[in-house]
Each structure stands twice: as structure tokens, then as C-alpha cells.
Colleague: 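Structure below; questions to follow.
No experiment lies behind these values; they were computed from the predicted model shown. The figures here come from the full heavy-atom set of this structure, side chains too, leaving out hydrogens, waters and symmetry mates. In what follows, chains are A, B, ... by sequence order, proteins preceding strands, each numbered from 1.
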There are 2 protein chains.
Amino acid sequence: MPEPLDPDMFAGCADHTPLPVRVGDKWTAKILVCLRDGPRRFSELQVPLAPVTPKVLTESLRAMERDGLVTRTAYPGIPQRVEYSLTDLGHSLFAPLAASCAWNAAHGAELRKARDAYAER
Amino acid sequence: MPEPLDPDMFAGCADHTPLPVRVGDKWTAKILVCLRDGPRRFSELQVPLAPVTPKVLTESLRAMERDGLVTRTAYPGIPQRVEYSLTDLGHSLFAPLAASCAWNAAHGAELRKARDAYAER
DNA sequence: CTGTATCCCTGTGGATACTG
DNA sequence: CAGTATCCACAGGGATACAG
């Protein structure tokens with residue numbers, strides 16, 4: 001018999017999920033992985049992330065820059081050259097990300113099985 | 001100097017984030033926490049989750065049931081009585097969830113600081 | 001090459017009211 | 001009590017074209 005739930009148990013929480021900010025969206029986690037081993041250029045990121053559009057990739061990178069996860073470095077010249085790299089804060093996100101990936105590896109099949117079984121009806 | 005990125009590095013991935021399915025949404029993680037210590041009734045969940053609407057709470061619980069994270073048990077009688085409880089699979093999500101919460105505790109302030117600094121311009 | 005500018009579509013979530 | 005039924009608003013993401 002559990003205790004009654006505290007009506008204010010989420011009072012200190014942000015409005016959204018307890019997951020690290022904006023890592024639950026469509027591209028952030030993948031960008032993290034792409035930048036894991038070193039700086040990458042804009043066009044270099046577009047390849048494995050296809051079919052991401054330039055607009056969306058820019059938006060994602062800007063948001064990550066704003067949150068201190070990546071740094072953007074522009075090298076003057078023609079053609080233009082821009083590199084994105086992870087900050088220490090960005091690297092620190094691999095800890096929770098690895099935990100999530102481990103869960104998927106261990107239980108993802110079970111989840112899909114449950115989903116398929118539910119669809120039977 | 002990192003190797004070139006593998007164009008197919010995300011070929012096996014789902015279209016979305018590598019995070020556990022539907023835990024990145026607005027209510028799932030909070031529902032998990034509410035059900036952690038035992039079964040809860042629908043109206044019992046509404047209290048700490050306010051101002052969630054019945055429609056949205058139902059949708060979230062249905063999706064979690066579909067994914068095998070919770071079980072729904074209805075007890076006949078008047079007034080009606082329904083209890084939701086976590087499955088073993090649901091409980092297993094606390095591992096990645098804890099890692100995310102730990103990140104927030106350790107680095108959340110740093111992220112907010114970066115965000116505020118970025119807003120200065 | 002590295003983006004911006006528009007326009008648009010969809011899904012998630014919400015407001016409100018009603019039912020078995 | 002435990003939902004359903006409607007209707008709706010908004011943000012994320014995408015298609016396409018263009019610019020510095």
C-alpha cells in the first residue's frame with residue numbers, strides 16, 4: 001500500500017520531461033554521436049544525417065550552441081568553412097545517452113513485442 | 001583528425017531519437033515516477049500531474065500500456081475503480097531515467113547558465 | 001560551402017463539454 | 001469515477017528556393 005502521492009512532487013521540475021533538455025528531439029542525439037570523435041563541418045554532418053534539411057540542421061546546431069553543448073568556429077575564406085565541436089558539457093551527455101542506448105539494447109525487442117501483441121486487437 | 005563519418009551510421013536506428021520510446025514526451029516519465037511505489041488509480045494520478053486533462057492522461061496511459069510499460073486493471077462496481085501499475089519492463093526504465101536525472105543534477109545549472117549568457121546577445 | 005527565407009503539414013497536447 | 005467526444009492552438013519539422 002503506497003503512501004498517497006504528493007500533490008507537489010513535480011513542483012520543482014521544469015514543465016517538460018526530466019530528460020536532459022532538447023535531447024529528446026529528433027536530431028540532437030545523432031549530432032552528438034557525429035561530433036563524438038572530433039570537429040565536423042556542416043556539410044560533413046549532412047551526410048550521415050540525411051535527409052535532414054539545412055534549415056533544420058542549422059536550427060538544431062544553434063539550439064545546442066545556445067545550451068553550451070557545441071561550439072561553432074568559422075574560418076574565413078572561399079569557400080566558407082565552419083566547424084562544429086562538442087564542449088565538455090556536450091561530451092557529458094554521453095553518460096545518460098549510453099544508459100538509454102543500453103536500455104534499448106536490453107529491452108527494445110520486448111517493447112516492440114508488446115506493441116505488436118497489442119496491435120493484434 | 002577523425003575518420004570520415006559513415007554515411008550509414010544511423011541505418012539501423014529508428015527514425016527518432018535513440019532514447020527509449022515515448023519517454024521523451026511530456027508525461028510518460030512523470031507517470032513512471034507516480035507509479036514507482038505501487039498501483040495508482042486514475043484520479044490519484046491526476047493530482048500530482050495537474051493540470052493534465054483526462055484526455056491526455058488517458059492517451060499517455062494507453063500508449064504506455066501498448067508498449068508493455070503499465071497494466072490496467074478495472075474493478076467492477078459503482079463507483080468504477082481502475083488501477084494502473086508498472087510492469088517489470090516499466091520498472092526497468094528507471095535505470096536510464098536515473099542517469100538523465102543525475103545529469104540534470106550535475107550539469108543542469110551549467111546549461112541554464114550557458115543559455116542565459118547566449119541570451120545576452 | 002553554409003546557410004536564410006517562405007510556406008506548409010502534422011502531431012502533440014490542451015479546453016471544454018458530456019457519458020456509462 | 002473514469003473516461004469520450006469535439007474542436008483547436010502551437011511548435012517541430014520539412015520542401016523548396018535563394019543568398020553571401
Colleague: Should A:T71 and A:E65 count as side-chain neighbours, where that means a heavy-atom distance under 4.5 Å?
Modeller: no
Colleague: Of the nucleotides D:dG13, C:dG13, C:dG3, which has the atom closest to the B:W27 side chain?
Modeller: C:dG13
Colleague: My understanding is that only residues two or more places apart in sequence, or in another chain, count here; which of them pass salt bridge (Lys or Arg N to Asp or Glu O under 4.0 Å) with B:K55?
Modeller: B:E59
Colleague: List for me each residue that meets salt bridge (Lys or Arg N to Asp or Glu O under 4.0 Å) alongside A:E83, sequence neighbours excluded, and say none if there are none.
Modeller: A:R81
Colleague: Expressed in angstrom and rounded to an integer, what is the separation of B:D25 atom CG from C:dG11 atom C1'?
Modeller: 12 Å
Colleague: Quickly work out the B:E44 CD to D:dG3 C1' distance and round it to whole Å.
Modeller: 17 Å
Colleague: Check side chain to side chain contact (heavy atoms under 4.5 Å, CB included) between A:A99 and all other residues, then give those that pass, not counting sequence neighbours.
Modeller: B:P96, B:A99
Colleague: Quick one: does any side-chain atom of A:T87 pair with a main-chain N or O of A:G68 as donor and acceptor, under 3.5 Å?
Modeller: yes
Colleague: Would one find a side-chain N or O of B:R41 under 4.0 angstrom from OP1 or OP2 of D:dA2?
Modeller: yes
Colleague: Please enumerate all residues that pass side chain to side chain contact (heavy atoms under 4.5 Å, CB included) together with B:A119, with sequence neighbours excluded.
Modeller: none
Colleague: Could you check which residues of residues 65-83 of chain B get a heavy atom under 4.0 Å from DNA chain C? Sort them by number, please.
Modeller: B:Q80
Colleague: Nearest to the side chain of A:S43, heavy atoms from C-beta on, is which of C:dC1, C:dG3, C:dG14?
Modeller: C:dC1
Colleague: Taking all non-hydrogen atoms of both residues, which atom of B:L61 and which atom of B:V70 are closest, and how far apart?
Modeller: O-CG2, 3.8 Å
Colleague: What residues from residues 52-62 of chain B pass a heavy-atom cutoff of under 4.0 Å to DNA chain D?
Modeller: B:P54, B:K55, B:T58, B:R62
Colleague: Provide, to the nearest angstrom, the distance between the OH atom belonging to B:Y84 and the C1' atom belonging to D:dC1.
Modeller: 11 Å
Colleague: Figure out the CZ/C1' separation between B:R40 and D:dC1, and round it to whole Å.
Modeller: 17 Å
Colleague: If I compare all heavy atoms of B:L89 with all of A:W103, which pair ends up nearest, and what's the gap?
Modeller: CD1-CZ2, 3.8 Å
